[in-house]
Chemist: 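Pasting a structure here, questions to come.
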Amino acid sequence: MGRINLDEPRYDQSTYEGRAKHFFTITNPLNLLCTPAQLDHAKDIVTRYRNGEDLNLSDDEIWEAKNIYDSAFHPDTGEKMMLIGRMSAQVPMNMTITGCMLTFYKTTPAVVFWQWINQSFNAIVNYTNRSGDSPISVQQLGTSYVLATGGALITALGLNSLVKSMPPLIGRLVPFTAVAAANCVNIPMMRMRELQDGVTLFDKNGNKLGESQTAAKWGIGSVCVSRILMASPGMVLPPILMNILEKRGTLRRFPWISAPLQVALCGVCLTFATPACCALFPQKASISVASLEPEVQKKIRQLPDVPDTVYYNKGL
């Protein structure tokens with residue numbers, strides 16, 4: 001049997017099942033429990049294996065080390081990432097923040113505080129997972145942070161004032177609307193360079209063909225959709241359940257259960273929704289040459305072997 005290619009995921013990324021398995025591994029919260037010694041040991045295994053050493057380990061042991069390595073170290077720089085910025089921290093951090101946003105959504109101070117906490121966490125994640133080839137500048141990060149936080153607050157506070165006379169369930173769904181609006185601002189802002197300069201295009205063999213702003217728009221659009229869908233179960237199902245409990249008088253009898261119950265419900269939803277929605281679109285996205293900008297099409301059609309389809313990294 002040949003050596004494992006650790007530069008590619010273990011599972012077939014051309015199928016949804018393969019992508020879902022890959023992201024379930026990447027976002028596994030149990031990786032947060034790894035000690036510094038375990039992380040360094042996993043990095044040592046991955047580094048030595050990539051250098052061609054025979055480590056006398058099974059494929060499963062090598063993949064386990066690779067999964068632990070990927071959960072904590074930056075793929076471009078190899079630096080150990082900030083704990084709460086890692087993909088394995090997505091579920092525990094988001095379940096806590098989302099649960100509190102859903103619980104404390106009525107008063108203005110609570111809305112301001114939890115929307116600010118949410119966008120601060122998003123900024124940390126974006127900075128921690130920044131590209132090593134085209135890093136996010138402090139100015140770009142700050143602008144995105146301010147605009148996303150402002151967009152979320154305007155949406156949440158504006159809608160809260162509009163839904164006061166509407167059924168309680170409508171008010172409970174305001175945090176989801178605010179988060180969706182913030183994602184539509186935050187993600188394009190964080191990836192403004194791609195929108196301005198284009199994303200790199202490759203052929204099926206990995207040869208660079210040029211840059212395309214059109215492909216960047218499709219990639220960023222798909223990420224916005226997956227992020228919003230990722231938040232949907234945890235921000236829609238708990239409010240429906242809480243509304244039922246409120247009508248039955250359960251929350252009046254046991255008001256203390258509201259926050260822990262919503263945090264727990266968000267945790268269950270996010271455990272499955274996070275990897276499931278990350279897997280909706282292939283990381284290696286494809287686009288037909290005919291859909292690209294005319295100048296990019298012209299450049300590609302001058303090649304000896306003209307492809308009908310080209311590929312690009314859509315991002316997360």
Side-chain angles (χ1 to χ4, degrees), residues 1-26 46-47 49-53 59 62-63 66-67 69-70 73-78 87 129-136 140 187-227 229 275-316:
M1 183 181 293
R3 291 179 66 83
I4 298 171
N5 181 7
L6 293 184
D7 294 326
E8 295 290 336
R10 183 176 191 176
Y11 305 104
D12 182 4
Q13 297 299 285
S14 66
T15 67
Y16 176 78
E17 181 183 0
R19 295 194 297 273
K21 287 181 178 179
H22 170 66
F23 284 110
F24 265 110
T25 303
I26 295 297
V46 171
T47 302
Y49 189 85
R50 279 178 167 160
N51 290 335
E53 290 188 37
D59 287 358
I62 292 172
W63 278 117
K66 177 64 162 50
N67 293 336
Y69 172 81
D70 286 345
F73 295 91
H74 193 282
D76 295 329
T77 65
M87 287 301 291
N129 293 279
R130 67 197 182 280
S131 170
D133 295 327
S134 53
I136 302 167
Q140 184 182 6
I187 297 169
M189 280 300 304
M190 293 301 297
R191 298 175 62 177
M192 184 59 68
R193 188 198 64 79
E194 293 176 32
L195 291 172
Q196 293 172 339
D197 302 333
V199 67
T200 303
L201 301 174
F202 301 92
D203 63 16
K204 62 182 180 181
N205 298 316
N207 298 311
K208 184 178 177 180
L209 302 178
E211 286 76 32
S212 170
Q213 295 172 332
T214 300
K217 292 174 183 176
W218 278 104
I220 292 170
S222 64
V223 171
C224 288
V225 170
S226 65
R227 291 278 189 96
L229 291 176
C277 291
C278 282
L280 284 174
F281 304 98
Q283 185 75 26
K284 185 180 179 182
S286 62
I287 185 171
S288 67
V289 173
S291 300
L292 300 172
E293 305 94 309
E295 61 274 17
V296 180
Q297 290 187 43
K298 181 179 179 182
K299 181 180 178 180
I300 292 176
R301 296 191 192 284
Q302 291 175 347
L303 298 172
D305 186 13
V306 182
D308 294 322
T309 303
V310 291
Y311 303 90
Y312 62 97
N313 182 357
K314 76 165 180 64
L316 288 174

Chemist: Determine whether L6 and I62 make a side-chain contact, defined as any pair of heavy atoms from C-beta on separated by less than 4.5 Å.
Modeler: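 Yes, close enough: below the 4.5 Å cut-off.
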Chemist: For a quick test of reading the model, state the closest non-hydrogen atom pair linking S226 to C277 and the distance between them.
Modeler: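 So the minimum-distance heavy-atom pair works out to CB-O, 3.4 Å.
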Chemist: Would you say that T25 contacts Y11 through its side chain, given a criterion of any heavy-atom pair below 4.5 Å between the two side chains?
Modeler: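 With C-beta onward as the side chain, the pair touches.
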Chemist: Taking the side chain as everything from C-beta on, heavy atoms only, tell me whether E211 gets closer than 4.5 Å to D197.
Modeler: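 No. Closest side-chain heavy atoms not under 4.5 Å.
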Chemist: Hey, are the side chains of R19 and Y16 touching, using non-hydrogen atoms and a 4.5 Å cut-off?
Modeler: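 SC-SC contact between R19 and Y16 confirmed.
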Chemist: If we only count heavy atoms from C-beta on, is the F202 to K284 side-chain gap below 4.5 Å?
Modeler: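 Side chain of F202 against side chain of K284, heavy atoms only: no contact under 4.5 Å found.
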Chemist: Please walk me through it: do I4 and Y49 pass side chain to side chain contact (heavy atoms under 4.5 Å, CB included)?
Modeler: CA-CA 9 Å; I4 298 171; Y49 189 85; 3.7 Å; yes
Chemist: Kindly say whether L292 contributes a backbone atom to a donor-acceptor pair with the side chain of Q297 at under 3.5 angstrom?
Modeler: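 Between the backbone of L292 and the side chain of Q297 there is a qualifying donor-acceptor contact (under 3.5 Å).
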Chemist: Looking at D12 and S14, what are the two nearest heavy atoms and their distance?
Modeler: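 Taking every non-hydrogen atom into account, OD1-OG, 2.7 Å.
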Chemist: Taking atom NZ of K314 and atom OG of S286, what is their separation to the nearest 0.5 Å?
Modeler: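 Between atom NZ of K314 and atom OG of S286 there are 12.5 Å.
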Chemist: Locate the shortest heavy-atom distance separating A20 from A279; write the atom from each residue and the value.
Modeler: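 That closest heavy-atom pairing would be N-CB, 3.4 Å.
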Chemist: Taking atom CZ of R227 and atom CG of L280, what is their separation to the nearest 0.5 Å?
Modeler: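 Going from the CZ atom of R227 to the CG atom of L280 covers 13.0 Å.
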Chemist: When you measure from the side chain of R301 to the backbone of V289, do you find a donor-acceptor pair of N or O atoms at a distance under 3.5 Å?
Modeler: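 A pair under 3.5 Å: no.
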Chemist: May I ask you to check whether over 12 heavy atoms, not counting those of E17, lie within 6.0 Å of atom CD?
Modeler: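 No, CD of E17 has 12 or fewer neighbouring heavy atoms, counting only those of other groups under 6.0 Å.
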Chemist: Which atoms form the tightest heavy-atom contact between A215 and L201, and what is the distance?
Modeler: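 Nearest pair, atom of A215 first, then L201: CB-CD2, 3.9 Å.
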Chemist: Do the non-hydrogen side-chain atoms of S212 and E293 ever get within less than 4.5 Å of each other?
Modeler: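 Side chain of S212 against side chain of E293, heavy atoms only: contact under 4.5 Å found.
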Chemist: Inspect the surroundings of NZ in K299 and state if more than 12 heavy atoms from other residues, nucleotides or ligands are less than 6.0 Å away.
Modeler: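 At most 12 heavy atoms, drawn from other residues, nucleotides or ligands, come within 6.0 Å of this atom.
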Chemist: Is N205 atom CG crowded by more than 12 heavy atoms from other residues, nucleotides or ligands, each under 6.0 Å away?
Modeler: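 Correct, the count exceeds 12.
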Chemist: Under the 3.5 angstrom rule, does the side chain of N51 hit a backbone N or O of E53 as a donor-acceptor pair?
Modeler: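 Absent.
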Chemist: Which pair of heavy atoms, one from W63 and one from R10, lies closest together, and at what distance?
Modeler: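 Scanning both residues completely, I find the closest heavy atoms to be CD1-NE, 3.3 Å.
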Chemist: So, taking the atom named CD1 in I220 and the one named CG in L195, what distance separates them when rounded to the nearest 0.5 Å?
Modeler: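 Those atoms lie 3.5 Å apart.
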Chemist: Between R50 and D7, does any NZ, NE, NH1 or NH2 come within less than 4.0 Å of an OD or OE carboxylate oxygen?
Modeler: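 A salt bridge links D7 with R50.
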Chemist: Could you tell me if the side chain of I287 sits less than 4.5 Å from the side chain of V310, heavy atoms only?
Modeler: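 When only atoms from C-beta onward are counted, I287 and V310 do touch, with a gap below 4.5 Å.
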Chemist: With side chains defined as the heavy atoms from C-beta onward, is the minimum distance between I300 and P307 less than 4.5 Å?
Modeler: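 Yes, close enough: below the 4.5 Å cut-off.
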Chemist: Let me confirm one number: the OG1-CG distance from T200 to L209, rounded to the nearest 0.5 Å.
Modeler: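 Atom-to-atom, T200:OG1 and L209:CG are 10.0 Å apart.
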Chemist: Keeping Q283 on the side-chain end and N313 on the backbone end, is there a donor-acceptor pair under 3.5 Å?
Modeler: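 The answer is no, because no donor-acceptor pair under 3.5 Å joins these two groups.
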